[in-house]
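Computed over heavy atoms, backbone and side chain alike; hydrogens, waters and symmetry mates excluded. Each ligand, and each atom within it, is numbered from 1 in the order the structure gives.
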Amino acid sequence: MTSPDPVDHPFEAAEASAAAVAAATGVDRHDVALVLGSGWKPAADRLGEVVAEVPMVDLGGFPAAAVQGHGSTVRSIRSGDRHVLAFMGRVHLYEGHHPNVVAHAVRTAVRAGCSVVVLTNAAGGLRPGMAPGQPVLIADHVNLTGRTPLLGPNDDRLGPRFPDMTDAYSARLRALAHEVEPDLEEAVYAGFLGPTYETPAEVRMAATLGAHLVGMSTVQETIAAVHAGAEVLAMSLVTNLAAGLGHEHLDHHDVLEVAARSADRMGALIAHIVGRI
Ligand code: 8IG
């Protein structure tokens, strides 16, 4: 059976994938979506009982694993009385994917019942005092990708033509996170297309624009989630100081190593927040 293409038919594709999630997991409705970025995957092991784990490619609309390594899965996790739909990886614009493909996981989760979307990523830190290994709450973003999953005729079944982004990163959910970790810093995330890290001049530009974090993901997913009426909580793990601010050149291996050291704490943090949503 061929599934609808999320590029041309994002609503139908999300509906079909949500039905596939229910069929494959045996869970009719999920409550909270979780997208795990670099360094955050071990966090999923801290959430509760894994009810089912399914390769994303089997759900339709998700690209075959080219850059994702071994092919990402989605887990249905029972966390207290909540059903969490955890995507154990994401795709990025810089891989060549259309914004609707990048947004497909979030749209699927919302069609599967999720009213809260938790997005995680690894990012470069710009604000003085930020250190590798530090988790940061995203309070707002600057979309510097030049892309959006809302381009083209609006499908009212997905959401409104002109979504309000004033509370894109839910103040309610950020307050909840602060109940658990009062010292969690809030920051503005600048989403770049990548895949290069920024030049020093681009880092200065981002800081001038009011950003404290730089990354290559999340903004397309946030836009799709807000469009769909879901609340968003997003967190970055600072894995490096942005180019020109630190002393070393950037290396993806270092990034993963720093992330691994922070994973336990982050898993516990997410579990606490899911428990209070
Ligand atoms: I990890 O310094 C990670 N991801 N754009 N810049 C951008 N993305 C990143 C960075 C960074 N570090």
Exam field: side chain [X] to backbone [Y], donor-acceptor pair closer than 3.5 Å:
X	Y	result
D5	H9	no
H212	V188	yes
S17	G60	yes

Legend entry - N240, any N or O under 3.5 Å of ligand 1 N or O: yes
Legend entry - For E198, atoms of ligand 1 separated by under 4.0 Å from a heavy atom: 2 (O), 5 (N), 6 (N), 7 (C), 11 (C)
Legend entry - SB check E15 R111 (cutoff 4.0 Å): yes
Legend entry - Region of T239 that comes within reach of ligand 1 [heavy atoms, distance under 4.0 Å]: side chain
Inset, instruction - Answer yes or no for G194: is there a heavy-atom contact with ligand 1 below 4.0 Å? - result: no
